[in-house]
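See below for the structure under consideration.
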Amino acid sequence: MSRQMGDGHRLFLQNMMTNGIVSAAQAGMLHKKCCELHGGQEKIDDFINVVNTHLQPLFMHIRKGMSEEDGQEHFVLVNMAETDITRMAADYAENELELFRKIMDLIVESDSGSASSTAILNSADKLISKKLKKKEAELVLNKFVQDKWLKEQDGEYTLSVRCIVEMEPYMRTIYQDMIKVCYVCHNIALQCQVCENPSCEIKVHLPCVARYFRARSDPHCPACNDFWPHEIPEMQAPQSQSSQNLPSSSKENTAPTQTRRSRRV
């Protein structure tokens with residue numbers, strides 16, 4: 001018999017429903033606060049399992065996901081009732097959804113796992129449903145970022161943690177063989193390095209590259225053992241729970257971390 005949800009579990013779920021996604025550090029702080037206010041000594045994974053058990057009839061689930069940029073874990077509240085992009089239909093117009101599909105196409109088909117603002121705005125002028133003017137497309141792009149479907153840095157757009165976690169079934173169905181997983185962490189890999197051996201060509205996330213090769217002065221591919229010719233990114237220090245505020249309903253802590261970019265292929 002499953003455990004009943006207490007007030008602490010409800011407070012945690014309420015925050016997840018408000019934010020949609022929180023970092024693992026923020027989730028840890030929230031879990032601690034919930035236990036302090038309402039009692040309980042469960043580990044966070046057991047605590048979230050109780051919440052997920054009661055979310056199951058509602059076709060919702062709290063899942064873990066990893067940021068491709070810095071390797072930090074996040075918790076995402078996922079709608080399990082839908083497995084494709086139609087879950088966004090309530091918040092976006094038909095032509096905005098079509099634009100989002102085109103953005104996903106650009107990102108998945110790129111070597112860098114990103115799409116430039118120029119390429120995205122050009123595609124907005126070729127929509128079948130209803131074309132978007134440049135200013136309109138820019139506003140929609142900003143909304144995708146604010147709603148945590150995309151991330152933007154220096155005019156380059158990437159899929160957010162929330163998008164990859166929620167849209168994974170859709171991406172695997174639509175892009176099939178184009179979608180590869182990281183050899184190290186086994187999550188979908190878009191921003192990554194690729195083994196240059198034509199018979200291997202495994203993909204590894206940049207943070208996973210940094211972790212895997214950090215103690216290796218002569219790096220070799222973990223699959224085929226060929227020399228790994230790419231620049232090895234620097235390890236990023238994990239953010240401590242004490243350095244972050246509790247999640248708020250207004251925004252996610254999305255401050256970018258600085259990394260030494262490696263060559264991608």
Side-chain angles (χ1 to χ4, degrees), residues 21-29 44-45 62-76 78 104 107-108 110-115 145 148-154 156-168 171-172 175 178-197 200-244 247 252-265:
I21 175 173
V22 299
S23 70
Q26 290 173 324
M29 289 180 65
I44 186 168
D45 287 343
I62 298 174
R63 283 183 180 171
K64 276 186 183 180
M66 186 196 79
S67 167
E68 291 195 304
E69 294 180 348
D70 58 21
Q72 301 300 311
E73 283 192 332
H74 293 71
F75 287 88
V76 184
V78 176
M104 291 188 75
I107 291 173
V108 172
S110 72
D111 292 333
S112 62
S114 63
V145 173
K148 304 169 189 174
W149 294 108
L150 298 177
K151 293 195 72 174
E152 185 273 336
Q153 187 172 357
D154 301 326
E156 291 289 321
Y157 289 83
T158 56
L159 300 185
S160 68
V161 180
R162 176 192 183 186
C163 182
I164 292 175
V165 172
E166 287 219 29
M167 297 296 181
E168 181 174 355
M171 294 168 68
R172 290 186 181 276
Y175 303 108
M178 295 179 66
I179 290 293
K180 303 295 183 182
V181 299
C182 173
Y183 187 84
V184 174
C185 73
H186 309 297
N187 292 314
I188 286 178
L190 298 174
Q191 299 178 65
C192 56
Q193 293 179 354
V194 184
C195 177
E196 292 188 349
N197 181 347
C200 180
E201 296 186 334
I202 65 163
K203 291 187 173 184
V204 185
H205 288 126
L206 302 184
C208 294
V209 167
R211 284 194 294 268
Y212 186 83
F213 291 122
R214 63 180 169 179
R216 294 171 170 84
S217 58
D218 187 26
H220 287 76
C221 174
C224 71
N225 206 38
D226 268 17
F227 177 71
W228 195 263
H230 309 288
E231 181 183 4
I232 307 303
E234 296 175 356
M235 281 285 294
Q236 297 300 303
Q239 292 174 299
S240 64
Q241 292 185 10
S242 60
S243 67
Q244 296 192 357
E252 175 195 6
N253 185 352
T254 56
T257 57
Q258 297 299 317
T259 61
R260 181 164 52 92
R261 286 292 181 187
S262 57
R263 182 162 60 93
R264 299 171 180 160
V265 293

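All values below come from the heavy atoms of this structure, side chains included, with hydrogens, waters and symmetry mates left out. If you're wondering where the values come from, they're calculated on a predicted model, not measured in any experiment.
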Distance col, row Y183:OH vs C221:SG, nearest 0.5 angstrom, shows 7.0 Å
Any donor-acceptor pair under 3.5 Å linking the side chain of H205 with the backbone of I188?
yes
How long is the gap from CD on E166 to CG on L159, to the nearest 0.5 Å?
12.5 Å
Looking only at heavy atoms, the pair that brings P233 and V209 closest together is CD-CG1, 3.5 Å
Which atoms form the tightest heavy-atom contact between A27 and V22, and what is the distance?
CB-CG2, 3.9 Å
Contact check, side chains of V78 and E168, non-hydrogen atoms, under 4.5 Å
no
Minimum heavy-atom distance I232-A210, with the two atoms named
CG2-CA, 4.3 Å
So which heavy atom on S112 is nearest to which on Q191, and how close?
O-CG, 3.8 Å
Hey, are the side chains of I62 and V76 touching, using non-hydrogen atoms and a 4.5 Å cut-off?
no
Determine whether C182 and N187 make a side-chain contact, defined as any pair of heavy atoms from C-beta on separated by less than 4.5 Å.
no
Heavy-atom side-chain proximity of K180 to C192 below 4.5 angstrom:
no
Short question: side chain of Q193, backbone of H230 - any donor-acceptor pair under 3.5 Å?
no
If you measure from CZ on F75 to NZ on K64, what distance do you get to the nearest 0.5 Å?
4.5 Å
Kindly give the heavy-atom pair with the smallest separation between P219 and F227, and that separation in Å.
O-CD1, 3.3 Å
Quick one: does V165's side chain get under 4.5 Å of H74's, heavy atoms only?
no
Test ring pair (Phe, Tyr, Trp, His ring centres under 6.0 Å) applied to Y157 - qualifying residues, sequence neighbours left out
none
Looking only at atom types and distance, does a side-chain atom of S160 sit under 3.5 Å from a main-chain N or O of K148, one as donor and one as acceptor?
yes
Separation between CD (Q153) and OG (S114), nearest 0.5 Å, reads 10.5 Å
Could I get the full list of salt bridge (Lys or Arg N to Asp or Glu O under 4.0 Å) partners for E201, not counting sequence neighbours?
none
Between the CD1 atom in I107 and the OH atom in Y175, the distance rounded to the nearest 0.5 Å is 8.5 Å
Strictly by side-chain hydrogen bond (donor to acceptor under 3.5 Å, both in side chains), give each pair with a member in residues 207-226 just once, sequence neighbours left out.
N197-D226
Within-4.5 Å side-chain heavy-atom neighbours: S23 and Q72:
no
What are the two closest heavy atoms between M66 and G71, and how far apart are they?
CG-O, 3.4 Å
Just verifying a value: how many Å separate L190 CG and D111 CG, rounded to the nearest 0.5 Å?
12.0 Å
